[in-house]
Amino acid sequence: MLRYIFYRLLAAIPTLFLISALVFTIIELPPGDFFENYIAELQAQGETVDPRKIEYLKEEYGFDKPLIERYFTWVGGMLQGDFGYSFEYELPVSDVVGNRLWLTILVSTITIIFTWLIAFPIGIYSATHQYSWGDYGLTFLGLLGLATPNFLLALILLYFANVWFGTSIGHLMDAEYIDQPMSWAKFGSMAEHMVIPVIVIGTAGTAGMIRRLRANLLDELQKQYVVTARAKGVPPTRALVKYPLRMSLNFFIADIGSILPAVISGAEVVAIVLSLETTGPLLIRALQSQDMYLAGSFLMFLATLTVIGVLISDIALAILDPRIRLQGGRR
Amino acid sequence: MSSSIPPDGEAISHFVSQTPFDPQGVEKLSPEQEKVYFASQLKLMWWKFRKHRAAVWSGIFLLLIYLSILISEFLAPYSLERRDVRAIYMPPQGIHLFHEGSFVGPFVYGYDFKLNMQTLKREYVPNTNDVQPLRFFCRGDSYRFWGMVESDLHLVCPAEDGYFYLLGTDRLGRDVLSRIIYGTRISLTIGLIGITVSFLLGISIGGMAGYYGGWIDHVVQRIIEVLQSLPSIPLWLALAAIMPVTWSPIVVYFGITIILGLIDWTGLARAVRSKLLSLREEEYVVAAELMGASPPRVIFRHLIPGFMSHLIASATITIPTMILGETALSFLGLGLRPPVTSWGVLLNEAQNINVVALYPWLILPVVPVILVILAFNFLGDGLRDAADPYHSA
Amino acid sequence: MGQIDLGDRRDLLRIEDLRISIKIQQSSIEVVKGVSFRIPAGKTVALVGESGSGKSIIAQAILGILPRVAKITGGRIRFRDPLQPGTETDIAALDPTTAEMCDLRGGRIAMIFQEPMTSLSPLHTIGNQVEEALVLHREVARGEARSLTEDMLKLVNFPDPSRAYDMYPMELSGGLRQRAMIAMALICQPALLIADEPTTALDVTVQAQVLGLLKSLQARFGMSLLLITHDLGVVANMADEVVVIYHGRILEAGPLKEIFTNPGHAYTRALMKAVPDLDMEPGEKLVALREIDKVIPASMRRASEGRCTSQTPLLTVRDLHKTYTIKSGSWFGGQNRQIHAVNGVSFDVRRGECFGIVGESGCGKSSLSKLIMRATEADSGQMLFDNGEISCDIRKLHGRALKDFRKRIQIVFQDPFGSLSPRSTVLNTLREPLEIHRQGGAREITQTAADLMAMVGLQTSHLNRYPHSFSGGQRQRIGIARALALAPDLLICDEPVSALDVSVQAQILNLLKSLQDELSLTMVFISHNLAVVKYIADRIAVMRRGRIVEIADCETLFARPMHPYTQKLLSAVPSVSLDRKLDFAAQGDDESDPSDDWPPEFQSKHGDGSDLSLLQVGEGHLVLARDMPSRERIYA
Amino acid sequence: EEPPSLKDAVESGQLPPMEQRLPDVPRVIDMAALGKTNGTYGGRLRMLMADAKDIRMMTIYGYSRLVGFNEKLEIVPDILESFEVEEGRIFTFKVRPGHRWSDGAPFTAEDFRYSWEDVETNEALSRGGASAVMMVDGEAPQFEVIDDLTVRFTWSKPNPQFLPSLAGASPNYIVQPAHYLKQFHEKYATAEDLAERVRQNSSRDWVALHTVKARAYRPENPDLPTLEPWMNTTPPPAERFIFKRNPYFHRVDGEGRQLPYLDEVYLGISSADIIPAKTGTGDSDLQARYLRFDNFTFLKQSSEQHKFDVKLWKDGTGSQVAYLPNLNTNDAVWRDLFRDVRFRRALSLAIHREEINQQFYFGLAQPASNSVLDGSPLYKPQYAQAWSEYDPDKANAMLDEIGLTRGPDGVRRLSDGRRAEIIIEMAGGTEETDVTQLVTEYWGAIGIKVFPRAMQLDNMRRRFLSGETMMSVWSGLNVGLATPDMPPEELAPVSSVQGIWPKWGQHLETNGMAGETIDVPEVAKLAALFQDWRVSSTTAERTTIWDEMLNIFTDQVYTIGTVNGVLQPVVVRNTLKNVPDEGIYAFAPVAFFGVYMPDTFWFDKE
Ligand SMILES: Nc1ncnc2c1ncn2[C@@H]1O[C@H](COP(=O)(O)OP(=O)(O)OP(=O)(O)O)[C@@H](O)[C@H]1O
Ligand SMILES: Nc1ncnc2c1ncn2[C@@H]1O[C@H](COP(=O)(O)OP(=O)(O)OP(=O)(O)O)[C@@H](O)[C@H]1O
Ligand SMILES: [Mg+2]
Ligand SMILES: [Mg+2]
């Protein structure tokens with residue numbers, strides 16, 4: 001196993017290089033650059049900028065150099081732990097991302113756990129009570145969440161939470177707790193602010209999980225080994241969890257690769273709407289304003305997480321299913 | 001002895017059955033059973049499917065809605081461009097049949113209009129004296145049927161000089177119902193192309209990786225890693241930036257969906273792959289190979305069916321994402337734009353607080369979205385069950 | 001525990017007028033039509049009958065694990081738990097998901113499934129699955145559970161229980177999996193054990209040991225046994241009472257002796273007649289209840305036309321080796337263990353002959369057949385195939401040539417259920433090989449499929465069913481039909497008739513025999529049932545621990561077995577005759593390597609067997625030994 | 001009277017008492033004269049912004065300038081005690097004695113000197129040289145320090161742009177806190193110290209460090225001393241910024257209370273789309289930015305529940321939505337057409353401005369061409385009315401006269417036979433989209449087919465400069481409230497970012513290095529007039545120039561306006577006092593709230 005992991009880590013190096021080249025290209029693809037963007041935005045306000053200042057800035061940040069050279073400077077920097085400089089914030093990228101990372105991980109983790117906590121029991125219920133009212137009802141609810149655009153859902157919740165409960169929404173905690181050490185009050189405030197984002201982000205994912213889980217379970221439930229388990233006298237739920245559920249986890253684990261980066265980037269759109277202090281909005285803004293080092297380094301970070309996620313997912317798959325682990329490569 | 005079972009606890013005696021015994025005897029089949037036994041597997045599935053009422057109704061519903069695409073112009077009471085200055089933000093009108101106790105046929109009440117300069121709100125009060133009977137198969141706004149034949153026939157029109165806004169109007173005084181009907185065209189076609197592309201790719205590439213394993217798997221895995229590492233948002237932005245401006249929004253959107261489809265297959269491919277990695281160890285797969293079956297045959301005949309439920313569920317789950325894909329895209333300034341109309345565009349226009357608080361009927365396009373998604377899901381359920389050998393209808 | 005008052009002479013289980021119907025494709029079929037029998041406490045009742053007559057369904061009904069499509073439509077299943085005297089449970093009326101039923105299942109009533117290969121979860125280790133029942137029904141500490149489990153595995157003759165505990169089903173041979181099933185059923189010492197074909201995958205010596213184990217448990221704990229089996233030899237050795245079932249109806253029931261000596265019903269008599277016996281004369285034909293009026297499909301005839309019948313061997317295997325690496329579950333590489341499943345095997349298969357392979361369970365028979373089929377790759381060695389048209393080294397084939405070769409050689413898998421695609425109807429399964437190799441148009445292929453179905457004695461009306469809706473024996477025949485479809489030159493049968501009752505078995509064996517003649521089919525026939533092998537094979541190889549220990553033609557082998565292992569094997573064959581009961585005690589569960597008692601010339605000096613080789617002791621009679629065995633042994 | 005929030009600090013000696021903090025002569029705000037009332041200290045003002053970059057709004061709202069516009073749009077000294085202008089070219093500035101930066105350091109002539117000599121004309125820090133307004137015909141001013149509190153800038157020619165630039169919403173910074181910034185300057189800091197600071201801040205070099213640390217317009221550096229009423233305390237990136245009162249601020253009310261009244265200003269960063277909703281749910285105490293006219297109903301409806309008031313100010317742009325034909329477009333046929341005044345007039349005449357007004361603005365806006373507003377001293381009705389009546393027949397006649405004949409499909413044909421189809425590019429929101437939808441119909445009616453295309457802002461800018469754009473949508477003149485002293489730069493080609501004549505603008509901007517020379521007499525005239533303005537020395541002179549330019553600009557219909565004077569909802573918490581009921585909402589010259597002095601706003605007790 002260790003050898004396999006080592007081999008995979010080795011294989012990740014060229015992959016990451018390839019990704020870095022692609023990321024760089026994608027960021028460079030839209031015509032124009034941060035500064036043009038910046039001028040355009042100011043101009044729309046009625047403000048003016050001295051074009052010579054911009055010339056100077058461009059030179060300062062190496063925009064006069066050829067693409068290839070800039071790419072290698074960037075990659076070289078990253079290898080040394082220098083993720084570049086954000087034009088917009090005029091801060092090193094690592095400082096910009098800094099704190100938010102933890103909040104993002106917190107929100108996303110809670111969301112994912114929420115999704116699972118809801119999706120698993122419901123999925124199991126739906127599969128074992130196929131075509132009951134419960135199955136129909138829960139399916140309907142899940143799909144409702146899926147069918148309503150996140151933005152609209154956030155808006156509606158935002159509005160009615162206010163009209164009915166008088167709570168104000170947005171941010172991850174009340175203002176007075178920012179930069180305060182953790183306390184129960186702060187925790188409470190965070191918990192309160194967490195509800196809506198978690199619901200909004202969660203609903204979309206839940207329906208998918210439920211339906212897939214249900215489908216997979218229905219397939220497994222009839223297998224002979226489930227009968228064996230029943231014959232052993234394993235109580236129904238336990239039999240379900242130990243055998244078919246584990247089998248159906250396959251698809252779910254295969255997807256871990258994309259969960260990790262999602263944890264970090266958070267649900268961008270919702271985060272923007274609810275002004276959550278997560279990294280998602282940061283990334284989108286960076287992309288929109290073509291703050292390329294910020295965007296690029298952030299994307300590379302996500303890419304690295306994806307690669308790690310895929311690795312974890314492969315290892316988990318192997319642990320889960322001995323048939324994958326023990327098979328020799330065929331042909 | 002007449003029974004094969006002795007009294008409780010007593011020694012058994014020798015029982016021999018007296019019923020006539022015919023060693024050649026086989027169960028006789030009724031003609032109707034006979035029909036079942038010689039039907040093809042597809043036909044069997046169809047029979048099973050027919051038993052699933054929700055699925056059948058969903059199928060019919062979808063069929064109808066797809067057919068409606070063909071005659072949107074005729075079904076919509078108004079044309080797409082139609083804008084009524086008198087009816088800005090007019091709330092939905094209910095259809096009535098009886099006026100003051102007497103039957104009039106389907107009609108709507110007109111509205112009394114008042115401009116509230118205090119709140120700057122257009123206020124509409126139903127006027128129960130203003131009876132506007134609906135007309136059917138009538139002449140209304142003219143349109144070019146499929147962009148070709150000039151016509152002005154509509155299924156239903158308002159009374160002469162009246163108006164009929166079943167689902168209300170928007171800020172320009174456009175009929176929401178008509179726009180929903182027109183929007184169906186794009187929402188139910190373009191988005192699904194993306195799914196198709198991504199499913200085809202996901203299944204074949206994931207299937208190959210899972211089936212062959214070894215170096216093919218490694219290469220595919222790395223490709224997937226790379227693609228998964230490219231988050232969609234920058235990709236959208238980049239794509240939007242390089243799409244020629246002179247292209248019409250529909251073509252651009254079409255292009256984006258296809259490209260997204262080309263990129264979006266990775267999740268599915270991984271799921272297929274990991275499932276196949278374990279499924280391919282099953283003996284029946286070996287059996288198929290030993291009969292000389294080619295890899296595609298093994299994958300599509302033996303491996304994928306074992307995975308069908310997951311695929312169906314995934315597909316039905318992805319459909320809303322694709323139908324609403326443009327909402328997410330529009331948030332970033334991409335996606336479809338007016339005058340092209342789709343459900344996503346309509347919902348997009350509904351995404352502001354004015355609508356939520358003051359003109360909630362503009363959120364109604366969510367209803368067809370939900371219905372279609374439900375229908376696809378039930379249809380998927382039906383298909384799943386039909387394909388499930390253990391499930392007997 | 002589990003000690004009961006043997007004085008209580010009441011029946012443990014009484015099945016009264018049980019009716020079960022199965023809903024299949026919109027119509028219900030009654031598969032159990034008013035069956036009544038009982039199982040007295042501490043006794044063994046054998047349920048015998050034709051394949052597909054509803055035996056397994058009855059067993060499932062007793063356990064409350066009927067498939068969803070099956071419904072009990074009448075009758076009662078009354079179970080009296082000896083641990084709770086005075087109470088009686090009607091299982092038929094009980095909701096199978098209740099806690100009460102869950103406690104009964106596995107705890108008080110346990111079952112050994114007919115198809116051990118598919119009945120184990122591929123994701124869990126053997127130990128985990130066996131232990132589960134124990135943990136559920138007995139209060140044991142974790143550590144204790146493991147040691148109890150290992151003890152149980154040892155009892156059912158696992159060579160290395162502590163290692164086996166951590167192995168996955170896919171790493172085990174058919175016999176080992178079956179033993180795991182048995183261990184799983186026995187571990188809670190149930191009051192009633194339902195054994196559905198418990199020994200089909202076991203060689204006769206292990207079978208004898210397992211049967212011995214069952215007997216001893218029965219004696220110790222007063223366990224009752226419902227034995228469902230086709231092996232009348234086993235019935236003769238085990239049963240107290242016998243119930244004969246046919247098409248869901250009981251035809252005959254009574255004490256063992258009565259039934260065996262004085263079968264009352266025509267069907268029972270026919271069964272008795274159909275039992276192959278070691279004492280049968282060469283050329284004597286088995287009499288099946290009904291013969292199949294077989295129509296050999298045209299495509300099969302075409303395929304076999306002009307088959308070369310020269311005397312060169314069709315298959316030549318030389319010094320074949322295959323080792324499996326059992327990867328340890330540990331993260332840090334750990335110790336990988338090698339299993340030498342096929343160890344320097346050499347033999348020839350001549351054209352048109354039937355080459356039998358027998359041997360201990362887990363000795364590498366299935367592995368060998370998979371190597372020949374190129375389902376797994378050999379480590380070293382040579383396999384030449386020459387049918388006159390194609391002449392090749394099997395190991396070097398690939399691409400087009402491999403596909404053509406596949407058409408020439410087919411296999412009947414040991415695990416019939418596992419080898420059928422669960423989502424293909426039988427029709428599609430049978431059509432598949434024909435479609436792949438383009439044997440005729442769509443209509444013809446369908447017709448061929450129907451013919452094949454009839455050929456193996458199944459109703460063509462079942463073509464549209466899915467594999468899971470068949471009985472074990474029916475599935476096995478589907479496997480045979482599929483393998484025959486292409487009329488291959490070489491047919492490898494891995495336990496093809498183990499799930500068939502003697503009558504159907506006779507039917508199939510006769511079919512194979514006649515095909516062999518008519519289509520000049522060559523066969524490699526792997527079986528644990530020596531009588532069957534004797535009946536069908538021309539030459540026989542005996543395998544043990546990955547090596548062939550003896551090859552001889554059928555007559556010679558049974559008349560003058562040379563190798564001590566062969567001799568032991570022959571002595572363990574259960575006989576139908578009631579006066580030749582097996583001596584279970586003699587089979588013993590000896591700890592030591594049995595080869596220690598062998599005469600020196602058969603023993604390896606270094607213990608690794610490298611100094612042993614196949615020596616010729618007579619015309620076509622080879623035996624694995626270090627030195628030439630002494631003359632008296634040869635003519636013993 | 002000491003602000004309560006500073007009492008502790010004063011008592012503990014961290015801060016000197018108020019008398020010592022204030023300049024010897026503070027700027028006294030006569031509340032009554034402004035129609036305001038004297039207030040009380042305290043409170044936090046919450047506002048919502050959509051982007052961290054919006055932090056600059058605080059500099060705009062704070063509107064503390066050396067000299068600034070008052071409510072009558074006159075330029076008056078603010079930070080300065082007084083200023084003197086001779087011949088429009090000699091500017092003498094006098095600082096208030098005892099005026100201090102927000103960190104307590106004295107504000108003196110040194111801060112002017114540092115800014116001019118060590119920053120503005122420092123080769124490393126300003127590689128392109130001094131900013132454009134400081135140069136008259138390429139000539140830099142002569143800078144003198146007269147005494148500790150007095151400085152003088154002298155040009156050889158008049159520089160009418162100088163004072164307006166100092167008073168601008170985005171001002172020309174000619175003072176910088178020298179005492180703070182010297183630590184980042186090569187000339188003053190030791191090499192080791194500087195290297196260490198550069199390292200600590202992970203900057204590229206000292207130039208970058210100085211630039212970042214000195215940025216006053218976007219007050220991201222909490223350490224940077226300021227003269228504004230509030231100073232930032234939150235370093236970015238953040239989702240909310242908290243500004244605290246500047247204890248040394250130089251204004252006082254009539255009763256001697258030091259302004260600002262409000263202790264804190266809190267900017268929450270949200271999304272632009274959600275701000276109306278949040279404002280409506282009471283999340284903002286003072287909000288106009290990101291609110292649109294159509295939010296009024298909703299806001300009004302929730303105003304009672306959440307205890308705020310929705311005032312309606314007037315938008316200060318020349319036209320809410322304006323169409324800019326690109327006179328430099330690449331397509332020769334279209335270029336000629338756009339340069340044909342008849343065509344532009346016809347397009348303008350075809351727009352039914354009253355309908356737009358009714359449909360979107362309840363008739364509360366003014367249908368007008370794109371020109372100065374009613375409130376501007378330069379306003380004349382004829383400008384607003386120029387070619388802005390609805391007269392499709394006349395428009396049709398004019399198009400016929402040009403020779404654009406209608407095809408069978410009703411669309412006119414160009415001289416080369418193509419259909420007359422205009423692609424209109426826009427980057428704005430729903431309002432532009434909706435108005436454009438109507439305009440599409442209006443122009444369709446006179447046989448001109450329109451295709452709206454949405455795109456990114458910078459993309460659009462690049463396209464019209466390269467000549468690909470035919471017509472773009474923008475809002476009208478930014479300086480709808482122009483005074484003669486403000487440069488009429490929007491009326492003449494001056495820069496490449498102008499959508500009507502980007503290439504001519506570029507030509508002037510680059511001194512003829514790039515772009516095209518002006519070959520339309522009227523435009524050339526505008527350019528010449530602008531040059532005249534730049535060297536004018538009296539207001540009367542400038543008024544004439546403005547008049548003439550406005551006349552040409554509106555009569556030639558270079559931009560096609562729709563409606564102006566649209567109302568801007570301003571949400572004000574009920575308890576927040578001194579926010580005028582009526583006002584102009586514009587960036588220039590009023591700096592949004594700036595001219596209305598948010599430092600005089602105060603919270604009344606409920
Ligand atoms: N799940 C099912 N669906 C439909 N039919 C079934 C199902 N299971 C069994 N049957 C049918 O019921 C009959 C009895 O099956 P059962 O498995 O009890 O036979 P059996 O006596 O155990 O035969 P064998 O000796 O071959 O195992 C068979 O004809 C079989 O086709
Ligand atoms: N995939 C595998 N991985 C590891 N070990 C294996 C694998 N397959 C078989 N073996 C081992 O190889 C040996 C031979 O197995 P094989 O299946 O050939 O036995 P067999 O002769 O067919 O036995 P049976 O009669 O019980 O079916 C057994 O010890 C088994 O545990
Ligand atoms: Mg059976
Ligand atoms: Mg085997």
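Chain letters run A, B, ... following the sequence lines, proteins first and then strands; every chain starts at 1.
- For the set C:P433, C:P263, C:A483, the entry with the most heavy-atom pairs within less than 4.5 Å of chain B is C:P433.
- When all heavy atoms are compared, the tightest approach of B:M291 to C:I436 is O-CG2, 3.9 Å.
- Most heavy-atom pairs under 4.5 Å with chain B, from the set C:H437, C:E432, C:E435: that is C:E432.
- For the pair B:H302 (side chain) and C:S424 (backbone), a donor-acceptor distance under 3.5 Å is absent.
- Between chain B and the options C:V244, C:D415, C:T118, C:T268, heavy-atom pairs under 4.5 Å are most frequent for C:D415.
- Note that the CG atom of B:L44 and the CG atom of C:N464 stand 4.0 Å from one another [nearest 0.5 Å].
- Highest contact tally toward chain B, considering only C:E258, C:Q410, C:K403, C:R374, is held by C:E258 [criterion: heavy-atom pairs under 4.5 Å].
- Looking at C:Y267, the atoms closer than 4.5 Å to chain B (heavy atoms on both sides) sit in the backbone and in the side chain alike.
- Residues B:S17 and C:R249 form no side-chain contact, since every pair of their non-hydrogen atoms from C-beta on lies 4.5 Å or further apart.
- Across all their heavy atoms, C:R423 and B:S309 have their closest contact at NH2-OG, 4.0 Å.
- Of all heavy-atom pairs spanning B:L290 and C:F413, the tightest one is CD1-CZ, 3.7 Å.
- Residue C:R400 does not touch chain B at all, counting heavy-atom pairs closer than 4.5 Å.
- Here the closest heavy-atom approach between residue C:L420 and residue B:Y284 is recorded as C-CB, 3.5 Å.
- The contact between C:I15 and chain B is made entirely by backbone atoms, counting heavy-atom distances below 4.5 Å.
- What you find for B:H14 and C:I259 is that their closest heavy atoms are NE2-CD1, 3.9 Å.
- Of the inter-residue distances, the one linking B:E282 atom CD with C:M170 atom CE reads 10.5 Å to the nearest 0.5 angstrom.
- Between atom CG of residue B:L42 and atom OG1 of residue C:T425 there is a gap of 10.0 Å, rounded to the nearest 0.5 Å.
- In terms of heavy atoms, C:S419 sits closest to B:A287 at O-CB, 3.6 Å.
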